[in-house]
There are 2 protein chains.
Amino acid sequence: MELDEAKLKFIHAWGTLGTKWGINRTMAQVHALLLVATQSLSASNIMEELNISRGNANMNLRALIDWGLVMKELKPGDRKEYFYAEKDIWKMSKLILVQRKKKELEPIMVVLKDLNNAVEGDGEDVKTFNTTIKDLNDFALHADKVVEKVVQSDINWLLETFLKQFLKS
Amino acid sequence: MELDEAKLKFIHAWGTLGTKWGINRTMAQVHALLLVATQSLSASNIMEELNISRGNANMNLRALIDWGLVMKELKPGDRKEYFYAEKDIWKMSKLILVQRKKKELEPIMVVLKDLNNAVEGDGEDVKTFNTTIKDLNDFALHADKVVEKVVQSDINWLLETFLKQFLKS
DNA sequence: CAGTACTTTCAAAATATTCTGAAACATACT
DNA sequence: AGTATGTTTCAGAATATTTTGAAAGTACTG
């Protein structure tokens, strides 16, 4: 396969699949484009490459920068901004994990905490409700802790001690 | 707080938050309703409780059954179908994990496998591309294995041996 | 078989999300 | 200050997803 063909295929696929990850097609495509770029690209480069408007390019670049997945670079003697992606896949994954935790886990925890033991009484139905909320709450706390630890700690150490030990094919 | 108020709050919140988990509001609300129900409910009960149409109720119940989160029950002497949710939160989480893996991870793996080493040549740009794809591929394989093992194995054992050991607050 | 009680399907309507493009804004240079 | 070269914003347009509701389908009963 030719390099350009492969890159296009990758960018296109990443865009399609991005939607399943809760990020929009363009954001995923910009990310993909920068992931396989050998140099940093300007907003105009990206617009042209992906056939998108300036506004769209700008908004999604900002979002990617927000997530920490993309960085801005200024080249001396050039007023344009150039962009490049974090290429370390482990770092990238951690950054994505942090965002997903923020988006998917934290809002749920707020609600569960609020409902946990908020209903008093000892009818069967109250007990059932309280148990369900408590179970969900416990689970959310566990999940939160795992994510936090994975993000904080040395992922390689985690991998070596955990994966190699218990998850051997 | 009154039980009914708490239930409504939970159902409402679960619906809103469900969208962030890649499932639609109604599906999440039906799930929430069944999670906190003390008996199994008919389609009509659910329509009424959530103010949704018959078609919507039906489609989302099917989806929940597909995911394994909800089961159908037939009561003797009654032609209606009744529905109830899996209440074991660990089982529930595993079922959700399986679906998310299917939706989010597997399609990416197909693409990466296809692109892995598909480009030949030893230019700097080819090497960079191949490295990126390989890294992503390795990561996806790892993630896949982790999910698979978590789902297969006794989650409590995993928790006890791994979490309690290494992830203590 | 006809009637009843339910479930399923799916085209069209409603809703939500994303994208465009032009105007506003910012900054550096002459 | 004026001009050139960018970036950012956001209302409206385009697109995608979800929901409705009525018709079709299924299955049990007498």
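Chain A is the first sequence line, chain B the second, and so forth, proteins listed ahead of strands; every chain is numbered from 1. Side chains included, hydrogens not; waters and symmetry mates left out as well; all remaining heavy atoms used.
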Residue A/Asp78 excluded, over 12 heavy atoms near CG under 6.0 Å: yes

Scan nucleotides 20-22 of chain C against the protein and return all N/O pairs shorter than 3.5 Å with their distances rounded to 0.1 Å.
| from | atom 1 | to | atom 2 | distance (Å) |
| --- | --- | --- | --- | --- |
| C/dT20 | OP2 | A/Ser53 | N | 2.8 |
| C/dT20 | OP2 | A/Ser53 | OG | 3.1 |
| C/dT20 | OP2 | A/Asn56 | ND2 | 3.0 |

Whichever of B/Arg62 and A/Ile23 has its nearest DNA chain C nucleotide further upstream toward 5': B/Arg62

Minimum-distance nucleotide (side-chain atoms of A/Arg25 versus C/dT27, C/dT4, C/dC19): C/dC19

Round to a whole Å and report the spacing from CG of A/Asn60 to P of C/dC19. 6 Å

Does any part of the side chain of B/Asp122, heavy atoms only, come nearer than 4.5 Å to the side chain of B/Val126, both counted from C-beta? no

Given the rule in the side chain to side chain donor-acceptor pair (under 3.5 Å) test, do A/Ser42 and A/Asn45 qualify, once you have shown the distances and angles that lead to the verdict? CA-CA 5 Å; A/Ser42 70; A/Asn45 292 154; 3.2 Å; yes

B/Asn58 CG to D/dA23 P, in whole Å, measures 18 Å

Protein-nucleotide distance (B/Leu64, atom CG; C/dT8, atom P), rounded to Å: 13 Å

Find the distance A/Ile46:CD1 to C/dC19:P and express it as a whole number of Å. 14 Å

Taking any heavy-atom pair under 4.0 Å as a contact, classify A/Asn24: base, sugar-phosphate, or nothing. sugar-phosphate

Spacing between B/Leu61 atom CG and C/dC6 atom P, to the nearest angstrom: 16 Å

SB check B/Glu81 B/Arg62 (cutoff 4.0 Å): yes

Rounded to whole Å, please give me the gap between CZ in B/Arg79 and P in C/dT8. 14 Å

Between A/Trp90 and B/Asp138, is there a side-chain heavy-atom distance shorter than 4.5 Å? no

Close side-chain approach of A/Lys75 to A/Lys80, heavy-atom, < 4.5 Å: no

Measure from the side chain of B/Lys80, starting at C-beta and using heavy atoms only, and say which of D/dG6, C/dC6, C/dT7 lies closest. C/dC6

d(CG, A/Asn45; P, D/dT7) in whole Å: 10 Å

Pairwise side-chain contact, B/Leu64 with B/Phe83, heavy-atom cut-off 4.5 Å (strictly under): no

In whole angstrom, give the distance that lies between atom CG of A/Asp78 and atom C1' of C/dC29. 14 Å

Nearest nucleotide by nearest heavy atom, which residue falls closer to the 5' end of DNA chain D, A/Thr19 or A/Glu81? A/Glu81

